[in-house]
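A quick note: this is a predicted structure, and the numbers were derived from the prediction, not measured.
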Amino acid sequence: MRARELAAVAELLDRAGTGERATLLIEGEPGTGKTTFLARAAERAATRGFGLAAGGAEELDRLIPLNPLLSAFDDLPGESDPAPESLERRVERLRTHMEKRIAAGPLLVTLDDLQWADPATLMAVRTLHCRLSSRPLAWLLARSTGGRDHDAERLFDLLERQGARRVTLGPLPEDAVARVIADMLCARPDPGLLDFASGAGGNPFLLAELVDGLRDEGAIEIAGGRARLVSPVLPGAYGSWCGAGWTG
């Protein structure tokens with residue numbers, strides 16, 4: 001699943017390992033699997049000896065400066081000076097801490113949901129991206145599209161102009177949809193189930209919710225290693241999909 005995108009991750013890690021600037025920008029509509037993709041990328045990086053720093057923005061934390069980066073580097077030592085710390089000083093402490101992490105081996109930093117990031121975080125990412133450009137450091141940044149995150153969009157545009165690669169996660173192809181359903185049900189889906197599931201438009205989140213709902217309501221029969229749809233009706237709890245992404 002996502003073979004092309006995972007190949008881009010392999011290239012990212014190769015570049016970082018040689019000290020080249022390595023940044024991959026992941027974007028797509030909500031529910032297209034960005035968070036899962038970041039987790040799989042981190043797993044691959046770990047098998048190659050990369051240290052990991054994973055953080056993300058949350059809509060309710062937009063008033064907390066640098067929160068996504070601070071969540072990624074929760075091992076950042078506290079400031080010894082009791083006086084209020086300036087933003088510039090905190091970014092510099094982050095840079096120093098990252099330098100120490102990188103000295104121990106290559107590092108992958110993943111930041112999710114940057115459409116909700118505060119302006120200080122976006123500024124800090126831009127600054128650290130420049131100041132650490134020659135280090136064995138890989139950046140994997142993700143944002144959801146379709147909203148009003150113009151600041152995050154501008155950051156992605158800037159980083160792309162500086163050589164970052166941008167990848168858009170679109171709908172899952174039919175073979176990947178079949179694999180997702182098979183993994184969830186431990187059985188191969190029959191054509192009727194696959195046809196009904198196509199209404200999720202290849203959106204991984206909607207697909208998983210659909211299969212869970214059908215299974216919970218007994219609308220799927222599993223026998224002989226095959227999964228068959230016996231009640232082609234949307235689960236009651238998910239009727240709102242008709243106005244929120246359902247295409248069937």
task = I would like to know whether L13 and F50 meet side chain to side chain contact (heavy atoms under 4.5 Å, CB included); could you show each step before the answer?
result = CA-CA 9 Å; L13 300 178; F50 276 71; 3.9 Å; yes

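- Looking at heavy atoms from C-beta onward, E99 lies in side-chain contact with L132 at the 4.5 angstrom threshold.
- In this structure, the side chains of L24 and L141 stay at 4.5 Å or more apart for every pair of heavy atoms.
- Residue E160 qualifies as enclosed at atom CD: its count of foreign heavy atoms under 6.0 Å is above 12.
- By the 6.0 Å contact criterion, CZ on R126 is open, its count of non-hydrogen atoms from other residues, nucleotides or ligands being 12 or less.
- Judged by the 6.0 Å distance and 45° axis criteria, R166 is not positioned over the aromatic ring of F156.
- The aromatic rings of H129 and W139 sit tilted relative to each other, their planes meeting at an angle between 30° and 60°.
- A salt bridge is defined here as a Lys NZ or Arg NE, NH1 or NH2 lying under 4.0 Å from an Asp or Glu carboxylate O, and R154 with D157 fails to meet this definition.
- Counting heavy-atom neighbours within 6.0 Å of E29 CD, excluding the residue itself, gives a total of 12 or less.
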task = Apply side chain to side chain contact (heavy atoms under 4.5 Å, CB included) to the pair M184 and I181, showing each step before the final yes or no.
result = CA-CA 5 Å; M184 293 183 67; I181 297 174; 5.8 Å; no

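- In the displayed structure, Q162 atom CD is contacted under 6.0 Å by more than 12 heavy atoms of other residues, nucleotides or ligands.
- No single ILVMFWY cluster, assembled from side-chain heavy atoms under 4.5 Å apart, contains both L70 and I64.
- Taking the charged nitrogens against the carboxylate oxygens, R226 and E221 have no contact shorter than 4.0 Å, which rules out a salt bridge.
- For the pair D112 and R143, the salt-bridge criterion is not met [side-chain N within less than 4.0 Å of a carboxylate O].
- Checked by atom type and distance alone, the side chain of K34 never pairs as donor or acceptor with a backbone atom of E27 at under 3.5 Å.
- A salt bridge between E43 and R40 is absent, with no side-chain N of the basic residue lying under 4.0 Å from a carboxylate O of the acidic one.
- For R135, the CZ atom sits in a packed shell: over 12 heavy atoms of surrounding residues, nucleotides or ligands are nearer than 6.0 Å.
- No donor-acceptor distance shorter than 3.5 angstrom exists from the side chain of T36 to the backbone of G33, with no hydrogens or angles considered.
- At least one donor-acceptor pair closer than 3.5 Å links the side chain of S71 to the backbone N or O of N67.
- With respect to the salt-bridge test (charged N to carboxylate O, under 4.0 angstrom), the residues D175 and R179 qualify.
- A salt bridge links D14 to R48: one of the charged nitrogens lies within less than 4.0 Å of a carboxylate oxygen.
- A donor-acceptor contact shorter than 3.5 Å links the side chain of R93 to the backbone of P77.
- For the side chain to side chain contact (heavy atoms under 4.5 Å, CB included) test, residues two or more places apart in sequence or in another chain that qualify with S86 are E88, R89.
- Contact check for L69 versus L128: side-chain heavy atoms found under the 4.5 Å cut-off.
- Judged purely by atom type and a 3.5 angstrom limit, D118 uses its side chain to pair as donor or acceptor with the backbone of T121.
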